[in-house]
Amino acid sequence: MGSVENVRNIGLFGHATTGKTTLSEAILFTANAIPKMGSVEAGNTVMDFDDEEKERGNSINLGVARFNYKGKIVNLVDTPGYANFITDAFCALRAVDGAITMVSIVEGVKVQTERLWKEMEVYSMPRIIFLNEVDKLTEEVDIESVCKDIKESLEINPTIITIPVFMKDKFPGILDLLEMKLYSYDNGKREVTELPENLREKYLPYRERCLENVLETNEELMEKYLEGEEISKEKILQTLIKGVKECTVFPVFSGSALKLIGIDLLLDYAINLLPNPTERKPLEGINPLTEEEISRIPSEKEPFSALVFKTYSDPFAGKISLIRIFSGRISPDTTVLNTTRDVKEKLSKIAYPFGKEQKVAMEAVCGDIIVVTKLKDTKTADTLSDPSAPIKFKLIEYPTPILSCAIKAKGKQDEERISIALQRMMEEDPSIEVKRDPQTKELIISGLGKLHLESIANRMKKRFNVEVELLPPKVPYKETIKQKAEAQGKYVKQSGGRGQYGVVWLRLEPLPRGAGFEFCETIVGGVVPRQYIPSVEKGVRKALEEGILAGYPVVDVKATLFDGKHHPVDSSDLAFQIAASMAFKEAMAKANPVILEPIMKIEITTPNDCVGDVIGDLNSRRGKVLGIEAKGKMQIVKALVPLAEVLEYAAVLRSITGGRGNYSMVLSHYEEVPSHIAKSIIEEAKKNSKETAG
């Protein structure tokens with residue numbers, strides 16, 4: 001085990017299709033960690049080892065590979081870039097100390113790159129940028145437009161360190177602006193030469209801008225540079241390293257992961273510029289015993305503390321936990337405290353990850369990322385610590401679910417196992433939410449998009465042999481009344497022996513929206529004996545469960561029992577319950593009943609140039625815009641919109657904004673449904689009722 005100062009935990013982040021998994025293969029090959037590069041198309045990469053990832057041809061889980069390179073121990077974390085699977089990227093941000101942000105030199109900065117960059121800012125994550133796919137350029141790249149895109153999209157001043165060089169419209173290699181050396185590549189073989197004299201004049205301005213960006217973080221060196229004094233390479237590099245770690249300098253590198261162009265330069269700079277685990281700030285947490293705020297210094301000498309940043313299932317090994325150690329050391333057969341759940345866990349075996357493979361470890365220390373199997377009660381985002389020095393770290397913040405579906409078991413066997421399978425899925429992916437709708441009785445699963453939910457359904461089938469179907473959730477409509485009405489309910493039954501007798505008069509009145517239900521009585525003279533009044537209320541409450549229009553629950557109604565009749569022998573609790581239900585339905589039919597629909601308060605974050613289209617679409621969905629607020633380059637549109645109109649809004653917004661928009665919504669209130677829509681709701685309910693009866 002080497003020194004903690006020699007460890008680097010580096011994450012690969014960026015929009016989907018920017019080449020993160022291919023870059024991970026190129027890095028592993030460059031570091032001699034694998035004998036041959038795999039490919040996403042062939043499904044034989046180290047990081048994408050899940051069957052579904054191989055089928056889809058893209059990452060849906062994060063992957064970790066530990067390797068040695070030039071005296072450094074590198075834990076490389078490859079993350080998904082699709083919005084549907086972005087949760088693992090959020091988890092990875094808690095496990096790494098530095099990031100390589102991927103941008104296609106051809107396509108520029110895309111929406112998920114922007115989103116993840118903002119998350120990195122929250123953690124003050126040191127970052128470098130890799131412009132991938134220089135091999136796809138057929139003519140000289142306009143590096144100025146690429147940097148302008150980065151500057152505007154990520155709101156930073158990018159510092160170009162390595163730049164693609166063209167000669168006579170051909171791409172000969174990568175120029176290191178600090179060294180002014182030209183690196184040419186041919187089938188992975190590298191040749192280093194001086195930059196030809198005829199190109200020096202062209203690329204010297206890039207070098208000058210590079211040095212200015214780096215040295216402006218050091219006032220003394222900048223002054224000397226402006227006075228024409230030569231600054232040594234060592235001081236420039238030291239200043240660059242300091243700027244990266246302080247997030248004041250954001251270096252940009254160029255290359256091709258697929259063609260192994262510039263990967264060695266990227267890797268060399270990454271391990272020099274990005275911090276080691278001891279250079280993190282002390283981690284904040286709380287003492288679970290006292291709830292006091294405490295911190296833990298990232299050091300081997302501190303008590304053990306760690307975060308579980310990923311959990312997944314293996315058909316052979318069972319539950320697997322990926323753990324980042326932030327302080328102390330750990331060895332096999334050690335008992336630790338899960339401070340999140342207040343349970344003890346035994347780490348029977350620890351290992352280092354290399355994609356799907358694991359290498360047994362005899363000890364792990366601060367900075368290490370390890371694999372532990374079969375932790376009984378531990379889940380993603382849990383903190384593990386020394387039982388004698390407990391600390392609980394802040395929970396991982398996940399993306400908010402944006403799409404909900406009803407999830408239904410296909411067969412009786414599946415019904416029995418669906419809860420267990422969903423529980424396991426939530427352990428792996430905490431961005432999933434599952435709940436039972438109390439009104440519709442549907443099991444509702446919420447996730448980050450259609451692909452996300454389909455992926456969950458596929459994994460449930462493959463791993464747990466549970467087949468489910470995903471359906472649009474039913475809208476939880478309600479029914480109410482708009483005017484007063486009175487009616488009698490009479491239940492008289494005689495069939496030999498003791499009969500049933502109960503007569504109830506009810507008055508119904510509308511209540512303000514959201515008031516719920518009130519029951520009162522004004523009985524005089526004992527026409528309904530006191531012991532039967534609770535039965536009347538029970539009968540009314542039972543009738544509230546299914547309205548007369550379409551069978552939806554009835555709300556915002558006041559029911560008053562004002563008269564009735566009883567029989568000294570035949571009256572019973574059941575008779576008055578049934579009579580009350582009959583009276584309620586009769587009165588409701590006279591009280592101008594209507595259907596109510598849930599109205600959602602929605603907040604949509606959209607680029608400035610899409611605001612008009614977003615508002616136009618909301619208007620077409622019966623939405624009411626409440627206001628618009630500026631937020632940087634984006635606008636936040638606040639509106640009220642019926643839930644029925646936005647059940648699948650995620651795909652619509654993605655189309656309108658080119659994937660750059662997002663939204664959140666909560667229930668605001670209920671409103672009366674327009675009559676023409678209510679008519680179709682009632683007809684649909686009658687149709688479903690007939691089909692069920694048939």
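All values below were derived from every heavy atom in this structure, side-chain atoms included, with hydrogens, water molecules and symmetry-related copies excluded.
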Enquirer: Output yes when a side-chain donor or acceptor of Glu25 lies under 3.5 Å from a complementary backbone atom of Gly38, and no otherwise.
Expert: yes
Enquirer: NZ of Lys235: more than 12 outside heavy atoms within 6.0 angstrom?
Expert: no
Enquirer: Examine distances only and state if a side-chain atom of Arg8 and a backbone atom of Leu274 form a donor-acceptor pair shorter than 3.5 Å.
Expert: yes
Enquirer: How are the rings of Phe85 and His452 set relative to one another: parallel (under 30°), tilted (30 to 60°) or perpendicular (over 60°)?
Expert: perpendicular
Enquirer: State, with a plain yes or no, whether a side-chain heavy atom of Val40 is found less than 4.5 Å away from one of Thr22.
Expert: yes
Enquirer: State whether a side-chain donor-acceptor pair under 3.5 Å links Thr21 with Asp78.
Expert: yes
Enquirer: Do you see a donor-acceptor pair shorter than 3.5 Å between the side chains of Thr378 and Asp382?
Expert: no
Enquirer: Between Tyr206 and Tyr203, how do the two ring planes meet: parallel, tilted or perpendicular, split at 30° and 60°?
Expert: tilted
Enquirer: Under the 3.5 angstrom rule, does the side chain of Thr30 hit a backbone N or O of Ala26 as a donor-acceptor pair?
Expert: yes
Enquirer: For atom CG of Leu226, is the number of surrounding heavy atoms from other residues, nucleotides or ligands below 6.0 Å larger than 12?
Expert: yes
Enquirer: So, Tyr185 and Asp135: side-chain donor and acceptor under 3.5 Å apart, yes or no?
Expert: no
Enquirer: Counting only N and O atoms by type, is there a donor-acceptor contact under 3.5 Å from the side chain of Ser321 to the main-chain atoms of Thr311?
Expert: no
Enquirer: Using modelled atom types and a 3.5 Å cut-off, is there a donor and acceptor pairing between side-chain atoms of Asn213 and backbone atoms of Pro158?
Expert: yes
Enquirer: May I ask you to check if Arg66 and Tyr352 form a cation-pi contact, with NZ or CZ under 6.0 angstrom from the six-membered ring centre and within 45° of the axis?
Expert: yes
Enquirer: Apply the test salt bridge (charged side-chain N to carboxylate O under 4.0 Å, His left out) to residues Lys151 and Glu155: give CA-CA distance (whole Å), side-chain angles for both, the deciding distance (0.1 Å), then the verdict.
Expert: CA-CA 5 Å; Lys151 187 173 185 176; Glu155 299 178 350; over 6 Å; no
Enquirer: Using modelled atom types only, decide if a donor and an acceptor are shared between the side chain of Arg207 and the backbone of Leu178 within a distance under 3.5 Å.
Expert: yes
Enquirer: Without hydrogens or angle criteria, can the side chains of Thr248 and Glu246 be said to hold a donor-acceptor pair below 3.5 Å?
Expert: no
Enquirer: Side chains of Ser59 and Asp48 only: does a donor on one sit below 3.5 Å from an acceptor on the other?
Expert: yes
Enquirer: Sub-3.5 Å donor-acceptor pair from the side chain of Arg94 to the main-chain atoms of Leu395, do we have one?
Expert: yes
Enquirer: May I have the step-by-step check of salt bridge (charged side-chain N to carboxylate O under 4.0 Å, His left out) for Glu428 and Arg459, ending in yes or no?
Expert: CA-CA 11 Å; Glu428 289 189 27; Arg459 279 182 276 171; 3.8 Å; yes
Enquirer: Could you give me the CA-CA distance, side-chain angles and deciding distance for Glu284 and Lys394, then say whether salt bridge (charged side-chain N to carboxylate O under 4.0 Å, His left out) is met?
Expert: CA-CA 8 Å; Glu284 304 296 325; Lys394 182 182 176 183; over 6 Å; no
Enquirer: Any side-chain donor-acceptor pair under 3.5 Å between Asp268 and Tyr69?
Expert: yes
Enquirer: So, do Glu363 and Ile330 sit near enough that their side-chain heavy atoms are less than 4.5 Å apart?
Expert: no
Enquirer: For Tyr269 and Phe253, take the angle between the two ring planes, folded into 0 to 90°, and tell me which bin it lands in: parallel under 30, tilted 30 to 60, perpendicular over 60.
Expert: tilted
Enquirer: Treating Asn132 as the side-chain partner and Ser104 as the backbone partner, does any N or O pair qualify as donor plus acceptor under 3.5 Å?
Expert: no
Enquirer: Short question: side chain of Lys20, backbone of Pro80 - any donor-acceptor pair under 3.5 Å?
Expert: no
Enquirer: If only side-chain N and O atoms count, and only distance matters, is there a donor-acceptor pair under 3.5 Å linking Thr339 with Ser385?
Expert: no
Enquirer: Check the side chains of Glu427 and Thr380 for a donor-acceptor pair under 3.5 angstrom, ignoring hydrogens and angles.
Expert: no
Enquirer: So, Glu152 side chain and Asp149 main chain: donor-acceptor pair closer than 3.5 Å or not?
Expert: no
